[in-house]
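Position 1 is the first residue of the sequence, and the numbers go up from there. Not measured: the values here are computed from a predicted model.
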Amino acid sequence: MPQSKIGNTDLISSVNRRLVLNAVRLMQPTFRAEVSRKTSLKPATVTSIVSSLIEEELLHEVPAVGDQAARFGRPPLMLEINARVFRVLAIDLEPDKIRVALTDMLARPLAFEQEAIDRFDTPENILRRIVAMSRSMLHQVPKKLVLGAGMSLPGLIDREARVMLSSTNMPKWTNVPVGAILEHELGIPISVGRSLHLAAMHEKWQEPNVQDKNVLVISLRTGVGACLIERGQLYTGSGGMAGEIGHMMIDMKGRPCECGSRGCLETFVSAMAIEARGREMMASGQAPALAQAQAEGRPIKPELIYELASKGDEPCGAIVREVGTYLGIAISNLINMLAPDEIVICGSIDVAESLLLDAIRAQVKVSALPRLMAAVVIRTARERERLPLLGAAVLIVQDIFELPQLKHSAFRSLDGLSHHVQSDSHRTS
């Protein structure tokens with residue numbers, strides 16, 4: 001059957017180049033022959049592309065070690081991404097803090113800073129602090145090495161216009177042109193994304209096996225959000241507004257939520273809800289360790305409650321288990337509706353990870369449909385709280401590695417793409 005004409009020479013060249021780069025990224029260190037096998041590109045095509053990428057310093061060669069090294073003579077050479085050839089600025093705005101990192105071309109952090117903020121402060125004041133922190137990072141490297149900046153935002157956004165439309169947890173942030181302001185102040189390209197979508201983007205970047213699965217990433221930060229990765233594709237919904245599971249109603253007669261409704265999931269499991277529960281227990285004399293920590297000057301934050309719970313404090317442990325139970329109810333509903341292969345949880349849960357997961361799994365076992373529950377894996381993300389921050393870096397670096405967005409169905413997966421694209425001139429139009 002004759003092949004359809006689906007591109008031109010420049011397009012084929014660009015696609016093959018990205019195929020090779022991404023194959024090296026996923027398998028590094030690796031041999032040219034492995035890249036050829038992975039991509040289905042001809043060895044001669046791979047050799048030509050690799051030579052060009054080495055000349056541009058995007059790839060470099062390293063001696064093979066271990067089982068890959070030759071027993072006698074000179075070790076063979078393997079390919080790696082030259083990750084430090086470029087830098088990326090990553091910014092993560094959360095209602096109670098700013099995180100800024102400088103990363104390499106693989107979105108791995110090289111430098112990191114964090115500052116606390118007041119979520120009721122004005123956008124002008126907070127953006128001024130973001131600019132100061134960003135400039136401090138950018139001064140560490142020549143500007144010509146910086147590809148751009150990605151920014152994670154905690155609310156509804158217009159990604160194309162780079163505008164923060166609104167945020168339940170940051171009430172003064174309405175129609176703020178974040179991208180334009182930062183681009184003017186920093187003098188580098190700025191891209192923005194929603195924190196929960198960028199968390200999923202980094203999980204996809206770091207865990208390539210999600211290409212074959214349906215994975216639901218749940219972000220537990222100041223609020224609660226979720227993003228579905230459907231066999232490698234992020235589902236973001238109409239206008240990018242999908243994922244507001246924090247406003248899934250759990251109790252019709254529950255506490256008022258900042259969104260205007262009542263009994264939302266966030267009123268049980270958000271940072272403010274956890275803090276409020278801790279203060280209630282202190283006021284009734286049920287949390288002496290928490291009261292002692294406050295007397296020593298430590299603020300009542302979820303991180304403190306998680307820390308005390310992980311050390312065996314029963315009252316704080318009860319708070320964490322309660323949070324896990326409510327999350328388990330919400331997650332059970334999502335499992336019943338979406339039947340995912342994996343649930344990946346990220347956020348400020350490091351020290352209470354096992355306690356929280358045990359509570360979630362216990363509730364899911366009770367509430368989810370047995371057949372669906374038995375098939376799903378519930379785990380935490382490797383990067384925990386930094387997932388949206390590093391996802392902001394992926395927002396920039398993916399332009400080098402990811403395949404172009406094409407309409408032809410043959411380009412929807414790497415396998416389909418590599419079957420059709422071999423850089424043979426007779427397949428071009």
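Of all heavy-atom pairs spanning W173 and V178, the tightest one is CZ3-CG2, 3.9 Å. Contact record, M373 with A368: CB-CB, 3.8 Å, taken as the closest heavy-atom pair. The two residues A107 and H202 make their nearest non-hydrogen contact at O-NE2, 4.4 Å. Nearest heavy-atom pair across S152 and A392 is N-CB, 4.0 Å. The minimum heavy-atom distance between A90 and T103, with the atom names listed, is CB-CG2, 4.4 Å. Among all heavy-atom pairs drawn from N22 and F401, the shortest one is OD1-CB, 3.7 Å.
Residue pairs satisfying the salt bridge (Lys or Arg N to Asp or Glu O under 4.0 Å) criterion with at least one member in residues 142-154, sequence neighbours excluded, are absent. Contacts classified as salt bridge (Lys or Arg N to Asp or Glu O under 4.0 Å) and involving residues 171-190 (residues at least two apart or in different chains) are given here: R135-E185, R162-E183. For residues 98-107, every residue pair satisfying the salt bridge (Lys or Arg N to Asp or Glu O under 4.0 Å) rule, not counting sequence neighbours, is listed here: D92-R99, E94-R99, R99-E385, D104-R108.
Between E124 and I126 there is no side-chain heavy-atom pair separated by less than 4.5 Å. R87 places none of its side-chain heavy atoms less than 4.5 Å from the side chain of L147. Between L357 and I378 there is a side-chain heavy-atom pair separated by less than 4.5 Å. Using a 4.5 Å heavy-atom cutoff, the side chains of V397 and F86 are not in contact. Here the side chains of V320 and Y306 are in contact, with some heavy-atom distance below 4.5 Å. Using a 4.5 Å heavy-atom cutoff, the side chains of L395 and L198 are in contact. Inter-residue side-chain proximity for I274 and V269 is flagged as unmet; no heavy-atom pair is nearer than 4.5 Å. Side-chain atoms of L153 and S195, non-hydrogen and from C-beta on, never get closer than 4.5 Å to each other.
One finds the CG atom of L196 at 6.5 Å from the OG atom of S219 (value rounded to the nearest 0.5 Å). For the atom pair S36 OG and L19 CG, the distance stands at 11.5 Å (nearest 0.5 Å).
Residues passing the side-chain hydrogen bond (donor to acceptor under 3.5 Å, both in side chains) test with E275, sequence neighbours excluded: none. Evaluation of the ring pair (Phe, Tyr, Trp, His ring centres under 6.0 Å) rule for Y326 yields F268 as partners, not counting sequence neighbours.
One finds a salt bridge joining E115 and R129 here, because a Lys/Arg side-chain nitrogen approaches an Asp/Glu carboxylate oxygen to under 4.0 Å. A salt bridge links E56 and R17; the closest N-O separation between the charged side-chain nitrogens and carboxylate oxygens is under 4.0 Å. A salt bridge links R298 with E307; the closest basic N to acidic carboxylate O contact falls under 4.0 Å. Salt bridge status for R321 with E314: present, with a side-chain N to carboxylate O gap under 4.0 Å.
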Is there a salt bridge (charged side-chain N to carboxylate O under 4.0 Å, His left out) between R194 and E244? Walk through the geometry before answering.
CA-CA 11 Å; R194 291 188 69 190; E244 293 287 345; 2.4 Å; yes
Please evaluate residues K204 and L234 with respect to the criterion side-chain contact (heavy atoms from CB on, under 4.5 Å), reporting the C-alpha separation (whole Å), side-chain torsions for both, the decisive distance (0.1 Å), and the verdict.
CA-CA 9 Å; K204 173 188 170 183; L234 270 62; 4.0 Å; yes
Using atom types as modelled, flag every donor-acceptor pair under 3.5 Å from a side chain in residues 327-345 to any protein atom, sequence neighbours excluded.
unit_1 : atom_1 : unit_2 : atom_2 : d
S332   : OG     : G328   : O      : 2.7
N333   : ND2    : I329   : O      : 3.4
N336   : OD1    : L369   : N      : 2.9
N336   : ND2    : S332   : O      : 3.4
D341   : OD2    : N214   : N      : 2.8
E342   : OE1    : R379   : NE     : 3.0
E342   : OE1    : R379   : NH2    : 3.0
E342   : OE2    : K213   : NZ     : 2.7

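Other residues, nucleotides and ligands contribute more than 12 heavy atoms inside 6.0 Å of the CZ atom of R119. The number of heavy atoms from other shown groups lying within 6.0 Å of CD (E113) is above 12. By the neighbour-count criterion of 12 heavy atoms within 6.0 Å, atom CD of E160 is sparsely surrounded, having that number or fewer from other residues, nucleotides or ligands.
Remark: side-chain polar atoms of R231 are paired, donor with acceptor, to backbone N or O of D212 under 3.5 angstrom. Looking at K38, its side chain never comes within 3.5 Å of a backbone N or O of A23 through a donor-acceptor pair.
S51 and E55 share no side-chain donor-acceptor pair at under 3.5 Å. When only modelled atom types and interatomic distance are considered, T168 and E258 share no side-chain donor-acceptor pair under 3.5 Å. Counted by atom type alone, Q363 and S367 present one or more donor-acceptor pairs between their side chains at under 3.5 Å.
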